[in-house]
*Asks:* 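Following this message is one structure expressed as structure tokens.
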Amino acid sequence: MNVLEFTARKTQQQKISMITCYDFWSAQILNRTDVDTLLVGDSLAMVMHGMESTVHADIDLMALHVRAVARGAPDKFVIGDMPFLATRKGLSQTMDAVQALMQAGANAVKIEGEKGHAELIAHVVESGVPVIGHLGLTPQSVHGLGGHKVQAREAAAAEELLQSSRNLAAAGCSALVLECVPASVARNITQALAIPTIGIGAGPHTDGQVLVLQDMLGMNPDFKPKFLRHYANGFETITAAVNRFHTDTCRGCFPTAKESYR
Ligand code: KIV
């Protein structure tokens, strides 16, 4: 996968798979899978660090995780998420953040929102850095949106979202993540754009899908929003394995002679 393939995939009607990845060891596993792209999403603030929202991720944290993922998955197209307010403090600070993520090993950056920074996005693209847009539920704006809610349910909001999507495509984005919007809204946007849309909670008509790795592996059995499919029972698998190790240790049946040095 390289950035030119995003639009080619759409033209060929081949879907794009994207999965979040935050660390070296899972990157090594994902590097050996068929998945097309890895997103070092700022959701790592919550998933990896137990923070309350993605608002708490900063550029140092993001660059640290991008570096680990790039080391572990050298064959994958890695997208680094621009953190909260990274594009809202002017051109120079935006470019510093872009530089930090790209020099950490990202192949592209993802930027939430459009209003007020479409020109900055165009400048990043003109600088030779592929940009993935992100509209719909933009978690960095959780406080402004009044929570993690499905967006663009009303006709006027759907029309506004379509216009923002067009603006991002015009600014040169290579693809657009659409998060938590009605399937019909995502379908209209997907049909209107030449660049691919990648959905999460946006129904089946987008040009690709993205999920958070830990969510799709079922690491938190209590987290099951409508859009999520569990592809494994990670929580049960890990707790069972750790409990087996604990029992074997307590009973003295680990390690055996075969597992000991002579
Ligand atoms: O931060 C993230 O993981 C994301 C995806 C959910 C699209 O933005």
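Read the numbers this way: they start at 1 and go in the same order the structure lists the ligands and their atoms. Below, all heavy atoms of this structure are taken into account, side chains as well, without hydrogens, waters or symmetry copies.
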*Asks:* Please report the interatomic distance CG(L211) to CZ(F227), rounded to the nearest 0.5 Å.
*Replies:*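 Between atom CG of L211 and atom CZ of F227 there are 7.0 Å.
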*Asks:* In ligand 1, which numbered atoms sit nearer than 4.0 Å to a non-hydrogen atom of T20?
*Replies:*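 In order of number, 3 (O).
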*Asks:* How many angstroms lie between atom CG of L120 and atom CE of M95, to the nearest 0.5 angstrom?
*Replies:*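 So the gap between those two atoms works out to 9.0 Å.
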*Asks:* Tell me whether Q13 at atom CD has more than 12 heavy atoms from other residues, nucleotides or ligands lying less than 6.0 Å away.
*Replies:*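 No.
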*Asks:* Below a 4.0 angstrom heavy-atom separation, can you tell me which part of H134, side chain or backbone, both or neither, approaches ligand 1?
*Replies:*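 Under 4.0 Å from ligand 1, H134 contributes side-chain atoms alone.
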*Asks:* Just going by heavy-atom distances, which of T54, I200, L137 is nearest to atom 6 (C) of ligand 1?
*Replies:*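 Nearest option to atom 6 (C) of ligand 1, by heavy atoms: I200.
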*Asks:* Is D81 close to ligand 1, meaning an N/O of one under 3.5 Å from an N/O of the other?
*Replies:*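 It does: an N or O of D81 is found under 3.5 Å from an N or O of ligand 1.
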*Asks:* Identify the closest protein heavy atom to atom 4 (C) of ligand 1: which residue and atom is it, and at what distance?
*Replies:*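 Checked against all protein heavy atoms, atom 4 (C) of ligand 1 sits closest to L39 CD2, 3.7 Å.
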*Asks:* Quick one: CG on L61 to CG on L44, what's the gap to the nearest 0.5 Å?
*Replies:*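 Rounded to the nearest 0.5 Å, the CG-CG separation comes to 5.5 Å.
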*Asks:* Taking 4.0 angstrom as the limit and counting only heavy atoms of G41, give me the atoms of ligand 1 inside it, by number and element.
*Replies:*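 Counting from 1, the qualifying ligand atoms are 1 (O), 2 (C), 3 (O).
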*Asks:* For side-chain contact (heavy atoms from CB on, under 4.5 Å), just list the numbers for I195 and D207, CA-CA rounded to whole Å, side-chain angles, deciding distance to a tenth of an Å, and then say yes or no.
*Replies:* CA-CA 9 Å; I195 59 169; D207 300 303; over 6 Å; no
*Asks:* At what distance is the nearest protein heavy atom to atom 8 (O) of ligand 1, and which residue and atom is it?
*Replies:*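 Protein heavy atom with the smallest distance to atom 8 (O) of ligand 1: K110 NZ, 3.0 Å.
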*Asks:* Name the residue from Q151, R187, R153 that meets the side-chain contact (heavy atoms from CB on, under 4.5 Å) definition with P182.
*Replies:*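 Option passing the side-chain contact (heavy atoms from CB on, under 4.5 Å) with P182: R153.
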*Asks:* May I ask you to check if ligand 1 and D42 share an N or O to N or O distance below 3.5 Å?
*Replies:*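 Between D42 and ligand 1, an N or O pair is found under 3.5 Å apart.
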*Asks:* Compute the shortest N/O to N/O distance between S43 and ligand 1 and return yes if it is under 3.5 Å, no if not.
*Replies:*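 So ligand 1 has an N or O lying under 3.5 Å from an N or O of S43.
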*Asks:* With side-chain contact (heavy atoms from CB on, under 4.5 Å) as the test, pick out the partner of L176 among T206, I198, T190, I189.
*Replies:*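 In the set T206, I198, T190, I189, the residue that makes a side-chain contact (heavy atoms from CB on, under 4.5 Å) with L176 is I189.
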